[in-house]
Amino acid sequence: MADKSAKMKENKNGSAGSNAPKASQENAEVNAAKAAQGNAEANTPKAAGENAGNARNAGAAAANAPETGQRDRSRNLEKAEHVIEMEHLTKRYGKKVAVNDLTLSIRKGEVFGLLGPNGAGKTTTILMLLGLTEPSGGKATIEGMDCTRDPIGVKSIVGYLPDNAGFYGDMTGRQNLRFTGRLNGLEGQELEDRIETLLKRVDIEYAGDQKVGTYSKGMRQRLGVADVLMKDPEVIIMDEPTLGIDPEGMRKLLILIRDLAVEDGRTILISSHQLQQIQQICDRVGIFIEGNLIVEGSLHELEEHIRKEGNYLLELSVQPMDDQLLGMLYQQDGVKKIEKEGDKFMITSKKDIRPKLTQFLGENGYTVYHLHQRGGDLDEIYRVYFEKAGQADERSSYEKNNKKRGRFGRKKQQAS
């Protein structure tokens with residue numbers, strides 16, 4: 001079955017863009033990839049592998065595309081068909097509700113991020129999608145196949161990358177990929193060509209003949225992506241793929257993940273509690289708290305939503321930070337709370353107070369060192385929805401842990 005699935009997918013890849021939705025081809029990111037690669041087959045997995053250097057550059061451009069380009073891609077994806085669908089999906093372990101009445105659809109060619117702390121229900125959701133645990137209620141389908149009743153069919157089109165990909169450490173990267181390829185019915189020159197193409201694509205061709213036991217965590221995860229791609233899946237599910245990876249390894253992996261959607265048109269579902277990776281590569285996110293999907297949408301949609309609800313947080317650092325300034329701030333209409341963090345005032349308000357504030361600062365001779373309206377990044381969106389869900393204690397714990405990681409969750413030491 002795996003052999004048949006692989007061959008059918010290869011036939012689909014015979015023409016430019018056949019493995020990507022039409023909408024994805026029309027957006028600015030794919031056009032940038034085509035220009036970088038300079039041929040009409042820029043959207044095929046084979047071409048992307050053969051032009052790995054250009055593809056990575058194109059992926060970097062896509063990951064750092066202007067906000068307007070991201071919005072154009074989001075609008076195009078809205079027209080795409082739904083590949084993953086969950087309807088009232090529920091999982092209970094005794095009295096504990098791990099996933100509660102989850103209804104969610106993920107579109108073809110989309111990178112969707114499940115965001116939440118450990119224990120929020122992300123991994124349980126993934127296990128139900130893979131048919132590895134049965135739901136207590138509701139159902140999930142991938143390409144119309146029921147994940148519980150037809151797990152073999154689902155696995156034939158889905159690739160899974162866990163947070164710690166398992167390989168035989170005394171075998172080389174190439175030997176591990178060869179083993180996986182044979183399990184999927186590949187043999188001979190076809191198998192060897194695919195191994196070579198994928199090693200180039202994930203940028204570890206230089207280490208293909210080294211034993212995997214000598215690989216860094218980032219190299220193992222990129223080899224894991226190559227392992228997943230051996231059967232050429234339409235859907236890829238990743239569970240905490242960047243956990244414990246150094247910054248350079250993370251950068252390369254994020255570019256690769258983005259390429260899989262933008263270049264190939266594959267559908268990517270990625271779970272994480274690290275905010276930076278979600279903000280860089282995902283088209284939409286869903287925030288999970290205690291088994292509940294609190295909100296989902298693009299970053300732009302979530303930002304607009306919290307703005308409409310009157311959630312503004314202004315960072316201010318000036319000299320002098322005196323009582324006159326504090327009195328002026330409290331007199332402003334809509335100011336709800338003022339806190340001091342280090343050398344900054346953190347001002348929570350119902351509306352943007354910057355116009356009157358900057359006029360006051362200029363007229364009264366204050367020296368401004370820092371003035372920043374938060375809300376456009378995922379870190380602030382995450383904070384707002386945690387507070388709305390009554391998770392102040394959880395958020396406080398999250399921020400405490402993040403002081404060890406840095407602002408966006410990069411750990412200085414390997415995750416435990």
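- Annotation: side chain of Ile245 is not in contact with side chain of Arg220 (no heavy-atom distance under 4.5 Å).
- Gly109 and Asp283 make their closest contact through O-OD2, 4.3 Å (heavy atoms, listed as atom of the first residue, atom of the second, distance).
- Of the possible polar contacts, one joining the Thr90 side chain to the Asp101 backbone as a donor-acceptor pair under 3.5 Å is found.
- With respect to the salt-bridge test (charged N to carboxylate O, under 4.0 angstrom), the residues Lys139 and Glu85 do not qualify.
- Nearest heavy-atom pair, Met230 versus Leu177, reported as atom, atom and distance to 0.1 Å: CE-O, 3.6 Å.
- In this structure, Lys155 does not pair ionically with Asp150, as no charged nitrogen and carboxylate oxygen lie closer than 4.0 Å.
- Contact annotation: the side chain of Met346 never approaches that of Thr348 to less than 4.5 Å [non-hydrogen atoms, C-beta and beyond].
- Asp170 has no carboxylate O lying under 4.0 Å from a charged side-chain N of Lys211, or vice versa, which leaves the two without a salt bridge.
- Expressed to the nearest 0.5 Å, how far OG1 of Thr125 lies from CG of Leu104 amounts to 9.0 Å.
- Residues Leu260 and Met238 form a side-chain contact, since some pair of their non-hydrogen atoms from C-beta on lies under 4.5 Å apart.
- A donor-acceptor pair under 3.5 Å is formed between the side chain of Thr103 and the backbone N or O of His88.
- At a threshold of 4.0 Å, the pair Glu234-Lys108 does not count as salt-bridged, since none of the basic side-chain nitrogens sits closer than that to a carboxylate oxygen.
- The shortest distance between side-chain heavy atoms of Val318 and Leu361 falls below 4.5 Å.
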I would like to know whether Ile84 and Phe112 meet side chain to side chain contact (heavy atoms under 4.5 Å, CB included); could you show each step before the answer? CA-CA 11 Å; Ile84 302 175; Phe112 188 95; over 6 Å; no
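- A side-chain donor-acceptor contact under 3.5 Å links Gln175 to the backbone of Thr172.
- Side chain of Arg222 to main chain of Asp203: a donor-acceptor pair is present (N/O by atom type, distance under 3.5 Å, no hydrogens or angles).
- Judged by distance alone, with hydrogens and angles left aside, the side-chain atoms of Lys231 form no donor-acceptor pair with the main-chain N or O of Gly181 at under 3.5 Å.
- Considering every non-hydrogen atom in both Ile142 and Cys147, the closest pair reads CG1-SG, 3.8 Å.
- The two residues Ser271 and Lys122 make their nearest non-hydrogen contact at CB-CB, 4.0 Å.
- Using a distance-only test at 3.5 Å, with no hydrogens or angles considered, a donor-acceptor pair links the side chain of Glu110 to the main chain of Arg107.
- Side-chain atoms of Arg258 come within 3.5 Å of backbone atoms of Ile281 as a donor-acceptor pair (strictly under, hydrogens ignored).
- With Asp227 contributing its side chain and Val225 its backbone, the two residues share no donor-acceptor pair below 3.5 Å.
- Scanning both residues, Ser317 and Lys344, for their nearest heavy atoms gives CB-CG, 4.1 Å.
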Please evaluate residues Tyr93 and Thr124 with respect to the criterion side chain to side chain contact (heavy atoms under 4.5 Å, CB included), reporting the C-alpha separation (whole Å), side-chain torsions for both, the decisive distance (0.1 Å), and the verdict. CA-CA 11 Å; Tyr93 295 101; Thr124 301; 4.0 Å; yes
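- The shortest distance between side-chain heavy atoms of Glu339 and Phe345 does not fall below 4.5 Å.
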Given Asp246 and Arg251, is the salt bridge (Lys or Arg N to Asp or Glu O under 4.0 Å) satisfied, shown in steps? CA-CA 9 Å; Asp246 63 88; Arg251 184 188 69 82; over 6 Å; no
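- Here Arg201 pairs with Asp264 in a salt bridge; the nearest charged N to carboxylate O distance falls below 4.0 Å.
- A donor-acceptor contact shorter than 3.5 Å links the side chain of Asp146 to the backbone of Thr148.
- Rounding to the nearest 0.5 angstrom, the gap separating the CG atom in Leu130 from the CE atom in Met128 is 11.0 Å.
- Of all heavy-atom pairs between Ser156 and Gly153, the closest is OG-O, 2.6 Å.
- The CZ atom of Phe179 sits 12.5 Å away from atom CG of Leu191, with the distance rounded to the nearest 0.5 Å.
- With values rounded to the nearest 0.5 angstrom, Gln221 atom CD is found 14.5 Å from Lys252 atom NZ.
- Residues in residues 157-169 take part in no side-chain hydrogen bond (donor to acceptor under 3.5 Å, both in side chains) pair, two or more places apart or across chains.
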Worked verdict on Ile347 versus Leu329 for side chain to side chain contact (heavy atoms under 4.5 Å, CB included): CA-CA 8 Å; Ile347 307 157; Leu329 291 172; 3.9 Å; yes
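- The shortest distance between side-chain heavy atoms of Val202 and Leu253 does not fall below 4.5 Å.
- Using a 4.5 Å heavy-atom threshold, the side chains of Glu296 and Glu301 count as separate.
- In this structure, NZ on Lys91 lies 14.0 Å from CG on Asn100, to the nearest 0.5 angstrom.
- By the 4.5 Å heavy-atom criterion applied to side chains, Ile106 and Val235 are not counted as neighbours.
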Let me see the working for Leu314 and Arg354 under side chain to side chain contact (heavy atoms under 4.5 Å, CB included), right down to the final yes or no. CA-CA 8 Å; Leu314 179 67; Arg354 286 176 296 177; 3.9 Å; yes
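- Asn184 contributes a side-chain N or O that, together with a main-chain N or O of Thr180, makes up a donor-acceptor pair within less than 3.5 Å.
- Rounding to the nearest 0.5 Å gives a distance of 4.0 Å between NE2 of His370 and CD of Glu315.
- Within 6.0 Å of CD on Glu134 lie no more than 12 heavy atoms contributed by other residues, nucleotides or ligands.
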